[in-house]
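Index from 1, following the sequence.
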Amino acid sequence: MGAVMGTFSSLQTKQRRPSKDKVEDELEMTTVCYRPEGLEQLEAQTNFNKRELQVLYRGFKNECPSGVVNEDTFKLIYSQFFPHGDASMYAHYLFNAFDAAQSGSVKFEDFVAALSVLLRGSIHEKLRWTFNLYDINKDGNINKEEMMDIVKAIYDMMGKYTYPVLKEDAPKQHVEVFFQKMDKNKDGVVTLDEFIESCQEDDNIMRSLQLFENVM
């Protein structure tokens with residue numbers, strides 16, 4: 001989430017200038033190939049006000065003039081935040097989480113909906129979103145292989161230059177400990193309820209998730 005928050009902060013900094021004429025602001029929303037939903041509707045659906053949505057949209061449009069982002073573009077943008085590691089796999093999983101409709105592209109509405117949860121959502125909303133990220137095949141459960149894939153992608157993205165230096169089997173050890181705690185009924189999968197309950201009752205899991213939020 002740190003990368004996303006960094007983007008949001010930089011967009012705000014770039015856009016701190018005198019307000020333009022309201023009509024010009026609204027017209028600016030029509031200059032791309034894809035036009036998002038009305039600002040009033042997005043304001044009602046997210047935790048951002050109209051001005052914040054305009055700032056976010058300008059930044060989104062600067063990066064993606066067509067109004068939508070495909071996976072290759074998303075990976076290219078995201079990899080800039082992690083120059084010392086390989087962010088491609090984690091960006092792939094993150095893209096799928098942003099692409100709620102599984103359409104193969106992320107629209108402004110998708111971007112803002114995810115950002116609203118990650119930046120300003122409740123703990124429960126953030127945990128539900130994180131669960132969806134880990135649930136790679138979208139079957140409503142997280143198995144050990146899925147958790148391993150995500151955690152390994154995070155470690156790969158962090159790169160070799162972490163301190164302290166991570167052991168090669170660190171991802172596996174991390175997954176073994178967390179999965180054992182989360183799979184409360186020992187059926188080989190973690191449900192949403194188990195995931196939320198485990199995170200809320202175990203400070204170590206919560207701290208680890210907050211650490212991993214820095215890469216979202």
K.L.:
Check this for me: does any side-chain nitrogen of one of Lys75 and Glu71 sit under 4.0 Å from a carboxylate oxygen of the other?
P.N.:
yes

K.L.:
Using a strict 4.0 Å threshold on nitrogen-to-oxygen distance, state whether Glu194 and Lys181 make a salt bridge.
P.N.:
no

K.L.:
Do side-chain atoms of Asp135 reach the backbone of Asp139 as a donor and acceptor pair under 3.5 angstrom?
P.N.:
yes

K.L.:
Using the six-membered ring wherever Trp is involved, compare the ring planes of Tyr57 and Phe60 and label them parallel, tilted or perpendicular (cut-offs 30° and 60°).
P.N.:
parallel

K.L.:
Applying ring-ring contact (aromatic ring centres under 6.0 Å, His included), can you list everything that pairs with Tyr93, at least two apart in sequence or on another chain?
P.N.:
none

K.L.:
Surrounding CD of Glu125 (heavy atoms of other residues, nucleotides or ligands, distance under 6.0 Å), is the total greater than 12?
P.N.:
yes

K.L.:
With Phe131, which residues qualify under ring-ring contact (aromatic ring centres under 6.0 Å, His included), at least two apart?
P.N.:
Phe195

K.L.:
For atom NZ of Lys184, is the number of surrounding heavy atoms from other residues, nucleotides or ligands below 6.0 Å larger than 12?
P.N.:
yes

K.L.:
Can we say Glu52 and Arg120 salt-bridge, meaning some charged N sits less than 4.0 Å from an Asp/Glu carboxylate O?
P.N.:
yes

K.L.:
Leu53 versus Thr46: any side-chain heavy-atom pair under 4.5 Å?
P.N.:
yes

K.L.:
If the test is side-chain hydrogen bond (donor to acceptor under 3.5 Å, both in side chains), which one of Lys50, Arg58, Arg51 qualifies with Gln54?
P.N.:
Arg51

K.L.:
Hey, do the aromatic rings of Phe98 and Phe74 have their centres closer than 6.0 Å?
P.N.:
yes

K.L.:
For Asp149, enumerate each residue passing the salt bridge (Lys or Arg N to Asp or Glu O under 4.0 Å) test, keeping only those at least two apart in sequence or located in another chain.
P.N.:
none

